[in-house]
Amino acid sequence: MQDTKKISMEAYNYDLPDERIAKFPLEKRDESKLLLYENGAISHTVFKNIADCLPANSLIVFNNTKVIQARLLFQKDTGAQIEVFCLEPHAPSDYVLAFQATGSCVWKCLVGNSKRWKQGPISKLFDVKGKSVELSATRLGEADGGAFYIEFSWNDSSVTYADILDSAGQLPIPPYLHRDTCERDKETYQTIYSKIKGSVAAPTAGLHFTESVFQSLSAKNIDRAEVTLHVGAGTFKPVKSDTIGEHEMHSEFITVKRSVIERLVENGCQAVAVGTTSVRTLESLYYVGVLLSDHDWNPERHLKVGQWMPYETSVAISAEESLRTILNYLDANGLDSVKADTQIIIVPGYSFKIVKSIVTNFHQPQSTLLLLISAYVGEDWKRIYAYAMENDFRFLSYGDSSLLKVQNPLK
């Protein structure tokens, strides 16, 4: 455990020229390049051929979260512009209830230019479904991570907070694109299967999938399942410490339906994960089962997978035992899905429990996402990224992708 925390971030650095960062997506999602890594061998094809690269009868898991228009811009009477970036709901804390709220709600937010907003409400007027609505924001106090609790209130009870964001908010594309959000991003920065509102960043490995690709997966009898992890702004948070042990991982909300857990069990408790968010969800799911097996839990008690839990827990159960424990918990409490917060960090030394293969884009240097990839492929991440550079792959959110497969990742 101590050695894990001492992992040097400098060892996960590489040169990423700005011109290799894809500023916009390709016209056709599935025409992107797909790097293939299998037990040390590296090649590439086009993403639309991914079904040919996966075994028949396997299970592929997607994150169906939907990016919200989380950036709200206010202008004070002084002319100062204040940006309020909605991170997660606080009151009500349930995402569905928060989006359905009428009249008021409280969110945990980042505030840009906060020094210009000392006290009092700020407000803006805009149209919602043809009606003029005034939205006010009031700072209630500080939250963790430099964020604030912001109360939003508006003067039309027929309007929900979801309506507010859809009408007044801006889609928060990644800061490293160094450009403003454009109208096209509203479509291209969402996966075609996005359903559940709550993310402030897209699960970008899923951006390459099209209906045509889904048809090719079905033709090979590759089953599809969906989980939900709402991606937080922490996904872009750089690791500023010299070692990973000093970095605090952000917490994210996950939901997995009973039917998905049953399909995982039927599939031998292993799956192909689309994106690092699906990896984090599936691997967190295992540790949710560990928590439930080790404690007397009830639905009122909050489930949370801590950052270092995988490296510190003394409970050792199989993936099947873990998943069946969750199913028993759901049965005993009449629940349709398991919900939890996860702060899990996956770094070299981690033992994968459910994820068999990974579909993922190419990540920033010295990022927790790159550490996750290294946890799976080992030092070969350097060969993979060098190959991508030499073969003109496009990097980061709107870039190309890879399919990573190792012989025995599951332990």
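Residue numbers count from 1 along this sequence.
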Can you check whether [Y]'s main-chain N or O pairs, donor with acceptor, with [X]'s side chain at less than 3.5 Å?
X	Y	result
Tyr376	Lys356	yes
Ser199	Val231	yes
Asn267	Cys269	no
Asn39	Gln407	yes
Trp107	Glu151	no
Thr281	Thr277	yes
Tyr37	Trp381	no
Asp185	Cys182	yes
Arg20	Phe393	yes
Asp400	Lys33	yes

Report the residues that fulfil side-chain contact (heavy atoms from CB on, under 4.5 Å) with Ala162, sequence neighbours left out, ordered by chain and then residue number. Phe99, Thr160, Lys197

Just do the salt bridge (charged side-chain N to carboxylate O under 4.0 Å, His left out) check on Asp331 and Arg258 with the steps written out, would you? CA-CA 9 Å; Asp331 286 344; Arg258 178 199 169 88; 2.4 Å; yes

Other residues, nucleotides, ligands: >12 heavy atoms within 6.0 Å of [X] [atom1]:
X	atom1	result
Lys195	NZ	yes
Lys124	NZ	yes
Lys23	NZ	yes
Glu248	CD	no
Lys76	NZ	yes
Arg383	CZ	yes
Asp180	CG	no

Evaluate the ring-ring contact (aromatic ring centres under 6.0 Å, His included) criterion for residues Tyr398 and Phe24: first the C-alpha distance (whole Å), next the side-chain angles of each, then the deciding distance (0.1 Å), finally the verdict. CA-CA 6 Å; Tyr398 273 142; Phe24 294 91; 7.3 Å; no

Quick one: does [X]'s side chain get under 4.5 Å of [Y]'s, heavy atoms only?
X	Y	value
Tyr350	Leu371	no
Lys353	Tyr287	yes
Val288	Val256	no
Val274	Ile60	yes
Ile82	Val111	yes
Met309	Val290	yes

For [X] and [Y], does a side-chain donor sit closer than 3.5 Å to a side-chain acceptor?
X	Y	value
Ser212	Gln215	no
Asn63	Ser278	no
Asn64	Thr228	yes
Ser58	Lys220	no
His44	Tyr387	yes

Under a 4.0 Å N-O cut-off, is there an ion pair linking [X] with [Y]?
X	Y	result
Asp3	Lys6	no
Lys186	Glu183	yes
Lys5	Glu246	no
Asp144	Lys108	yes
Glu27	Arg184	yes
Lys129	Asp163	yes

Ring centroids only, cut at 6.0 angstrom: are Tyr176 and Phe395 within range, meaning strictly under it? no

Are Trp154 and Tyr161 an aromatic pair by the rule of ring centers under 6.0 Å? yes

Quick one: do Ser241 and His247 satisfy side-chain hydrogen bond (donor to acceptor under 3.5 Å, both in side chains)? Show the steps, please. CA-CA 6 Å; Ser241 55; His247 178 74; 5.1 Å; no

Shortest non-hydrogen contact from Ile354 toward Glu283: N-OE2, 2.9 Å

